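Okay, so here's the structure we're looking at.
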Amino acid sequence: MDKKVRVRFAPSPTGPLHIGGVRTALYNYLFARQNGGDMILRIEDTDSNRFVPGAEEYINEALQWLGIGIDEGVHEGGNFGPYKQSERRDIYRKYVKQLLNDGKAYVAFDTPEELDAKRKEIANFQYDAKTRGMMRNSLTMLKEEVDALITAGEKYVVRILIEPNQEVKVNDLIRGEVTVNSSVVDDKVLYKSADDLPTYHLANIVDDHLMEVSHVIRGEEWLPSAPLHVLLYEALGWKDSMPQFVHLPLLLKPDGKGKLSKRDGDRLGFPVFPLEWHDPVSGDISSGYRERGYLPQAVVNFLALLGWNPGTDQEVFSMDELIKEFSFDRCSKKGAKFDFEKGKWFNHEYLINMDDAELAEIFKPELAKHGVDTEQFTNEYITRAVGMIKSRISFVGDIWDNAKFFFVAPTEYNPKDIKKRWKEDTPDTMCRLIEVIKGIDDMTSANAEEIVLGWIRDNELHMGNVMNAFRLTVVGECKGPHMFDIAELMGKDEIITRIERGIENIKPVTE
RNA sequence: GGUGGUAUCGUCUAGUGGCCCAGGACGCUGGCCUCUCACGCCGGAAACCGGGGUUCGACUCCCCGUACCACUACCA
């Protein structure tokens, strides 16, 4: 019988959650939901030196913003806790002891300095079957000597004892079977007495086993240590219940080569973090998708397609659709270069399809930020204004630039457009336009359009020049929604006022 | 250096031996629509890393080479 699907996302709180980590979390979540399984959030804080305050909260907030739900974790609780590794010391100690008793691991006293020296002395030095005989460990020392050192408080580590020349097979859902010879895997440190904490490798295996994790879904950077993990499961006697491995292709830099890193965002001008991050130590601020005006659904959609595809032409997916369609056998083996332009397009797509009223709500704080008294405008007004410009923008943050004329009359006019559309006789034409508009009883877009366009035709005026001059006075530049839609929303009085102001303030460019 | 992984348009990718002189999307680009800018619609340029096999037939299978990526800590 297949065991219940239980997956975990296990970040270490050493900083803000990276966008690659977000994708790993997302794939875990999609797989869990698709199979009616559990999604665990485990905090891997076994490196006491790298703890960053606020990082754990950041992770929670980011996942929540993106709609990646957690079933078990530090905040959610669960039957397999604690979910923070620093609180599981007793558990790890027990298994370290077991490994030692079973002869699957040994104690080593070599200092970092001694190891460094060895690495310099011997090319390709690796702590393994070939070299452990010349190191200071419980294999080369007398038991009394070892015990004496430990009781004296000498710092030591526990290393796994790797049997050389064994074929280690890692089964991966994306890559198939990967075989590695155990001679190339070294006697990795499992536990350090200095802080009484295990390293990632031990903690990870122990926790995954105890938490009954069925699938280990993580980044490809872990593939090289997967053989070690397989060996660890065997050493602990858990081979039969070993989880299925899935190593996801990496997210690569958009230019050049290599893994996408924290610094790429600032260098290339796009966020690499879901949320803005304020570094508590340096005070540096890194931009986030949320603050940039990205919609969480767009980020999720974009990320989902980076390394996975449905095999059809569909590109826009809701979270529910992703849950339904996602599968590892449609995951790419190749790292994906991060394409910011495509991400932008996804956001644009979501913005266009978003309900106008909903978008208006998101836009309101933005309005207030720009000094507009939102009480002065009805929800309907804001909603309709936003609805008219959303096809022209990519981010929520772009709305203001494109829609401000709905809320504030232009004080400046685009010089290029003036040059092209504001001639000597334009003020006169605009005066006549005012008279025409004054005579319109019903400002409904279609009606006003019929009347004004009729007037232009009857008087044999130049349509482009008149309409663009009109637009210039109302909008401040020659772009934006249909003029008569704007006029209908703003109303006759406001339109007339703006034309008058334009006549007064716009001076033709003469050269 | 060692080990592992990967290799289709600039980018994300479809393609599991004939349907492929390689399809979609982003970006770029020509046009239509049009009072402008967008949206939308219709077009265009743009790719199978190289060499050997296997086969009637290879983007697809095998081998070699090359390139790229990851790992190579008492970090995760």
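Nothing here was measured: the structure is a model prediction, and the numbers come from that model.
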Roughly how many Å apart are [M] and [N], using the [atom1] atom of each and rounding to a whole number?
N	M	atom1	result
B:rA58	B:rG15	C1'	13 Å
B:rA38	B:rU60	C1'	42 Å
B:rC42	B:rG4	C1'	48 Å
B:rA76	B:rC71	P	14 Å
B:rU13	B:rA7	P	11 Å
B:rU8	B:rA22	C1'	8 Å
B:rC28	B:rA70	C1'	33 Å
B:rG43	B:rG24	C1'	16 Å

- [ ] Could you work out which one of B:rG5, B:rA25, B:rG27 sits closest to the side chain of A:Glu220?
- [x] B:rG5
- [ ] Could you check which of B:rC74, B:rC71, B:rC12 has an atom nearest any side-chain atom of A:Leu306?
- [x] B:rC12
Open item on the list: Rounding to an integer number of Å, can you tell me how far A:Asp401 CG sits from B:rA38 C1'?
Closed with: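 Result: 15 Å.
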TODO: Calculate the interatomic distance between A:Phe340 atom CZ and B:rC26 atom P; express it in whole Å.
DONE: 17 Å
Across all strands, who's sitting opposite [N] as a Watson-Crick or G-U wobble pair, both distances under 3.5 Å?
N	value
B:rU11	B:rA25
B:rU6	B:rA67
B:rU60	none
B:rC41	B:rG31
B:rC74	none

Task: Polar pair under 3.5 Å, donor/acceptor by atom type, side chain A:Asn124, base B:rG2 - done: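 A donor-acceptor contact between them is absent.
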Open item on the list: Using only modelled atom types and a 3.5 angstrom limit, is any donor from either the side chain of A:Lys188 or the base of B:rA73 paired with an acceptor on the other?
Closed with: no
Kindly state which residues belonging to [range] come within less than 4.0 angstrom of RNA chain B, counting heavy atoms of the residue only, listed by number.
range	result
residues 384-394 of chain A	A:Ser391, A:Arg392
residues 156-178 of chain A	A:Val157, A:Arg159, A:Arg175, A:Val178
residues 465-485 of chain A	A:Met467, A:Asn468, A:Arg471, A:Cys478, A:Lys479, A:Gly480, A:Pro481, A:His482, A:Met483
residues 107-116 of chain A	A:Asp110, A:Thr111, A:Pro112, A:Leu115

Within less than 4.0 Å of OP1 or OP2 of [N], is there a side-chain N or O belonging to [X]?
X	N	result
A:Lys337	B:rU11	yes
A:Arg457	B:rC35	no
A:Thr46	B:rA76	yes
A:Arg218	B:rA70	no

Open item on the list: Tell me whether the rings of A:His247 and A:Phe245 are parallel (<30°), tilted (30 to 60°) or perpendicular (>60°).
Closed with: parallel
Task: Non-neighbouring partners of A:Trp422 that pass ring pair (Phe, Tyr, Trp, His ring centres under 6.0 Å), sequence neighbours left out - done: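 With sequence neighbours excluded, A:Trp422 shows a ring pair (Phe, Tyr, Trp, His ring centres under 6.0 Å) to no residue whatsoever.
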Open item on the list: Working to the nearest 0.5 angstrom, can you tell me the gap between A:Asn414 CG and A:Ile418 CD1?
Closed with: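 A:Asn414 CG to A:Ile418 CD1: 7.0 Å, rounded to 0.5 Å.
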Open item on the list: Just to be sure I understand the rule, does A:Lys259 reach a base, reach only the sugar-phosphate, or reach nothing, if contact means heavy atoms closer than 4.0 Å?
Closed with: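 If one applies the 4.0 Å heavy-atom cut-off, A:Lys259 turns out to touch the sugar-phosphate alone, with no base involved.
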- [ ] Let me have a per-nucleotide readout for nucleotides 60-66 of chain B, 5' to 3', with B, S or -, counting only protein heavy atoms under 4.0 Å.
- [x] -------
[X] bridged to [Y] by N-O distance under 4.0 Å:
X	Y	value
A:Lys420	A:Asp417	no
A:Lys84	A:Asp45	no
A:Arg432	A:Glu435	no
A:Arg392	A:Asp398	no

Considering only distance and modelled atom types, tabulate donor-acceptor pairs under 3.5 Å from the side chains of residues 155-162 of chain A, sequence neighbours left out.
| residue | atom | partner | partner atom | Å |
| --- | --- | --- | --- | --- |
| A:Arg159 | NH1 | A:Asp187 | O | 2.7 |

Provide the closest heavy-atom pair for [X] versus [Y] in the form atom of the first, atom of the second, distance.
X	Y	answer
A:Asp128	A:Val185	CB-O, 4.4 Å
A:Lys333	A:Glu220	O-OE1, 4.4 Å
A:Asn165	A:Ser182	N-OG, 3.1 Å

Task: Pairs satisfying salt bridge (charged side-chain N to carboxylate O under 4.0 Å, His left out), at least one member in residues 468-482 of chain A, at least two apart - done: none
TODO: Sort and list the pairs that fulfil salt bridge (charged side-chain N to carboxylate O under 4.0 Å, His left out) and have at least one residue in residues 298-316 of chain A, not counting sequence neighbours.
DONE: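 Every salt bridge (charged side-chain N to carboxylate O under 4.0 Å, His left out) pair that includes a residue of residues 298-316 of chain A, provided the two are not neighbours, is A:Glu315-A:Lys342.
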- [ ] Apply side chain to side chain donor-acceptor pair (under 3.5 Å) to A:Arg50 and list each qualifying residue two or more places apart in sequence or on a separate chain.
- [x] A:Asp47
Open item on the list: Could you work out, with salt bridge (Lys or Arg N to Asp or Glu O under 4.0 Å) as the rule, every residue matching A:Glu113, not counting sequence neighbours?
Closed with: none
- [ ] For the pair A:Lys492 (side chain) and A:Glu488 (backbone), establish whether a donor and an acceptor sit closer than 3.5 Å, ignoring hydrogens and angles.
- [x]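 No, because the side chain of A:Lys492 does not come within donor-acceptor range (under 3.5 Å) of the backbone of A:Glu488.
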TODO: Begin with the C-alpha distance, continue with both residues' side-chain angles, and end with the deciding distance and a verdict on ring-ring contact (aromatic ring centres under 6.0 Å, His included) for A:Tyr27 and A:Trp308.
DONE: CA-CA 9 Å; A:Tyr27 283 17; A:Trp308 170 84; 7.7 Å; no
Distance-only criterion, 3.5 Å: show the donor-acceptor pairs between side-chain atoms of residues 447-456 of chain A and protein atoms not counting sequence neighbours.
| residue | atom | partner | partner atom | Å |
| --- | --- | --- | --- | --- |
| A:Asn447 | ND2 | A:Asp442 | O | 2.7 |
| A:Glu449 | OE1 | A:His482 | NE2 | 3.1 |

Task: Pairwise 5' ranking along RNA chain B for A:Gln85 and A:Ala336, keeping only the more 5' one - done: A:Ala336
